[in-house]
Amino acid sequence: MRSESRKFVFCCAVALLGILQSPSVWGQNLATGSNEVLINDINKYIRQGWEDNEVKPSPQATDAEWCRRVYLDIVGHIPPVDELQEFLKDSDPAKRSKLIAKLIDHPDYIRNWTTIWTNVSIGRVDDPLISRLGMNKFYREVFAQNRPWNEVVYDVLTAEGHFEQNGAVNFILAQLPEQYDEAVQLTGNFSRLFLGSQVQCTQCHDHPFNKWKQNQFWELNTFFRQVRRMDYEKYDPDSGRMVEDYSEVVWRNIPVGQEVVFYERRDGLVKPAFPIYNGVEIDDDGELNRREELGKLLRADEDKSVARAAVNRMWGHFFGYGFTKPVDDMGPHNPASHPELLERLTDEFVKSGYDMKQLVSWIANSEAYTLTSQFGSGNEIDNPGAGEIPLFSHLYVKSLEAEQLYDSLIIATNAHKAGRANFEMAEAQRQEWMQRFVAAFGTTQDDETTTYNGSIPQALMMMNGELVTNACNCERGSFLHSVVTGPGNDAMKIKTLYLATLSREPSGREISMVENSFRQAGPNGKIAAYQDLMWVLLNSNEFIVNH
């Protein structure tokens with residue numbers, strides 16, 4: 001049991017966590033190689049925003065702060081302690097760019113982006129007729145092969161077949177309710193996710209500011225009217241009942257006389273809608289596969305909507321805010337914070353062949369991404385959370401998503417080195433824990449993201465949950481045992497625990513406070529004191545945020 005005195009000392013230590021120091025000159029150019037011209041242009045546009053708004057950017061993040069951030073954003077977890085120490089010792093001026101390239105080619109890059117896009121495509125569903133495994137397999141192939149993003153959008157849009165044999169169909173299945181809604185939800189969510197436009201409200205009336213009008217919503221909707229969801233059952237001998245088995249997406253032709261979609265205006269006038277996208281009308285009598293025709297238009301991406309949406313969402317992933325807020329509501333009604341930069345990145349993304357890895361590299365190598373999350377009087381107005389336009393003069397703090405938190409707990413305790421020979425078993429264990437974690441977060445099934453926001457169930461899981469309890473275990477073979485019984489004095493061991501969990505070294509004051517608590521614990525309480533320290537670090541605010 002933890003003593004009250006040790007709890008008090010450690011609670012005081014928690015208050016000190018997160019104090020990041022040793023800033024360097026923010027203007028240092030970390031970009032190297034053939035992309036330097038574009039990255040310099042990114043920096044130029046962002047700096048212009050600082051000058052126009054009379055803000056002074058924050059200092060550059062320390063190597064430790066930046067390293068933790070880039071690991072979380074690219075591979076989805078904090079850096080393993082040995083890799084962090086290696087990076088901190090490296091004196092190469094280009095080491096940040098080199099680490100970005102290394103992480104983009106890391107296997108966990110594939111896993112992280114597979115998880116991200118599975119979540120935004122189908123939410124964190126627990127539905128036997130929507131296959132998360134199938135959706136995962138589809139995106140795992142996408143990111144393993146670095147497939148062109150316009151081709152990925154084409155595959156999602158035109159997908160047909162069994163929900164595991166063709167995992168791309170699960171996006172469509174997740175948007176089709178059991179009671180057929182004329183593909184209204186599918187139309188809105190496809191446009192929101194892959195075109196960056198929230199058009200759902202225009203199904204009933206013209207948007208007063210958005211370029212999308214009611215007729216355009218229903219014209220887009222006509223492309224999805226041939227989609228049908230087929231659910232199948234099987235006999236369960238144990239219960240003696242029919243149970244859900246699998247689902248598939250099928251195409252069906254529209255009967256003659258029903259190929260025209262009608263919608264009602266607010267004034268009561270009924271109007272026809274024909275398959276038209278971006279000014280191109282498809283001549284169809286009901287026999288043509290309209291989704292394939294729309295897919296061809298989006299793959300060509302003449303107006304660059306697919307590219308622009310991807311760029312904005314990717315920028316938002318790294319900075320916490322995109323060029324528009326929200327990232328999936330772009331248009332004249334919601335102007336971008338940096339329109340020239342958005343268009344420049346969009347053009348270059350198209351020229352790159354819709355290369356997602358290249359886009360990640362450009363953003364992560366930008367000057368703005370190197371800045372610390374701390375801010376002062378010179379840029380305190382740069383606060384998008386308060387409704388201000390993002391100026392990216394400092395990094396915006398983000399709560400860890402559920403998967404990031406789980407994987408970081410595993411990395412911090414070296415548990416990731418166990419069971420890696422069998423990916424499927426490790427992933428099954430991860431998903432089982434994740435289901436309990438998401439349940440504790442109290443989210444709905446269709447949520448795209450789940451972050452740690454400090455609710456009572458979340459706090460209890462972090463304080464007393466099985467994973468954290470195991471992480472604080474000091475039995476032989478555990479990470480904590482290897483540190484406590486390893487070489488070095490207490491100060492060195494304390495430093496190792498800070499690096500493993502918070503990805504930074506403790507301050508002199510923090511070391512002094514922890515050593516003082518060790519002295520109070522006495523020789524017989526040393527192990528328990530180390531366990532308390534590990535527990536406090538994992539439950540600190542600094543551990544559960546990406547800064």
Side-chain angles (χ1 to χ4, degrees), residues 6-23 58-73 75-81 83-85 87-88 318-320 369-376 385 394-414 451-455 458-463 465 467-468 471-472 479-480 483 491 493-514 517 530-547:
R6 287 206 309 274
K7 282 187 177 180
F8 174 77
V9 171
F10 280 117
C11 286
C12 292
V14 171
L16 294 175
L17 302 180
I19 302 175
L20 307 178
Q21 302 173 0
S22 303
S58 294
Q60 195 176 84
T62 64
D63 280 345
E65 180 185 9
W66 182 89
C67 184
R68 183 180 192 272
R69 173 193 308 163
V70 78
Y71 265 83
L72 282 166
D73 286 337
V75 295
H77 57 71
I78 62 175
V81 64
E83 295 180 22
L84 173 63
Q85 290 171 323
F87 177 76
L88 295 178
F318 280 87
F319 286 93
Y369 189 69
T370 71
L371 303 180
T372 180
S373 58
Q374 295 184 80
F375 58 92
H394 62 92
L395 250 289
Y396 309 118
V397 174
K398 302 173 288 186
S399 294
L400 297 191
E401 294 189 6
E403 293 87 355
Q404 289 178 317
L405 182 53
Y406 171 79
D407 288 339
S408 294
L409 283 167
I410 296 296
I411 291 293
T413 58
N414 271 350
T451 56
Y452 188 94
N453 55 31
S455 69
Q458 294 171 13
L460 289 174
M461 178 164 282
M462 287 298 296
M463 293 168 63
L467 190 61
V468 174
C472 298
F479 169 70
L480 187 57
V483 173
K493 295 173 183 179
I494 293 168
K495 180 186 296 187
T496 298
L497 293 183
Y498 268 76
L499 287 170
T501 55
L502 305 185
S503 304
R504 68 170 176 88
E505 294 187 357
S507 67
R509 186 178 182 186
E510 287 170 325
I511 291 178
S512 176
M513 290 179 66
V514 175
S517 72
Y530 268 108
Q531 289 178 292
D532 284 344
L533 173 61
M534 190 69 166
W535 182 89
V536 165
L537 294 174
L538 294 178
N539 278 277
S540 68
N541 289 337
E542 191 173 348
F543 183 76
I544 61 176
V545 298
N546 181 356
H547 49 79

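Excluded from the calculations below are hydrogen atoms, water molecules and symmetry mates; all remaining heavy atoms, backbone and side chain alike, are included. All figures in this text were calculated on a predicted structure; none of them were measured in a lab.
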Heavy atoms of M534 and A412 approach each other most closely as CE-O, 4.1 Å

F319 and Y369 aromatic ring geometry - parallel, tilted or perpendicular at 30°/60° bounds:
perpendicular

Side-chain touch F543/S408, heavy atoms, less than 4.5 angstrom:
yes

Could you check whether any side-chain N or O of Q531 sits under 3.5 Å from a backbone N or O of C472, counting only pairs where one atom can act as donor and the other as acceptor?
yes

Please round to the nearest 0.5 Å and tell me the distance separating atom CD of E510 and atom CG of L533.
10.0 Å

Verify the neighbour count for atom CZ of F375: are there more than 12 heavy atoms of other residues, nucleotides or ligands below 6.0 Å?
no

We want to know whether Q60 and T372 form a side-chain donor-acceptor pair, criterion being a heavy-atom distance below 3.5 angstrom.
no

With side chain to side chain contact (heavy atoms under 4.5 Å, CB included) as the test, would you mind laying out the steps for Y530 and K493 before giving the verdict?
CA-CA 9 Å; Y530 268 108; K493 295 173 183 179; 3.5 Å; yes

Might you point out which heavy atoms bring R68 and P79 nearest each other, and give the distance in Å?
CA-CD, 3.7 Å

Quick one, L497 and L480 - any side-chain contact, counting heavy atoms below 4.5 Å?
yes

Distance-minimising heavy-atom pair for Y71 and P80
CE2-CD, 3.9 Å

Closest approach of L537 to Y498 (non-hydrogen atoms, all atoms of both residues):
CD2-CZ, 3.8 Å

Start with the C-alpha gap between F87 and W66, add the side-chain angles, then the distance that decides, and say whether side chain to side chain contact (heavy atoms under 4.5 Å, CB included) holds.
CA-CA 11 Å; F87 177 76; W66 182 89; 3.7 Å; yes

Using side-chain heavy atoms (C-beta onward) and a distance below 4.5 Å, is L400 in contact with V545?
no

Report yes if some heavy atom in the side chain of L72 is under 4.5 Å from a heavy atom in the side chain of R69; otherwise report no.
no

Main chain of G508, side chain of S512: is a donor-acceptor contact present, judged purely on distance under 3.5 Å?
no

Any L88 side-chain heavy atom under 4.5 Å of L499 side chain:
yes

Could you pull out all residues at least two apart from D73 that satisfy salt bridge (charged side-chain N to carboxylate O under 4.0 Å, His left out)?
K398

For V397 and H547, work out which heavy atoms get closest and say how close.
CG2-CB, 4.1 Å

d(L502 CG, I78 CD1) to nearest 0.5 Å is 8.0 Å

Taking all non-hydrogen atoms of both residues, which atom of S503 and which atom of L84 are closest, and how far apart?
CA-CD2, 3.4 Å

Rounded at 0.5 Å granularity, tell me how far CD in Q374 sits from CG in L395.
11.5 Å

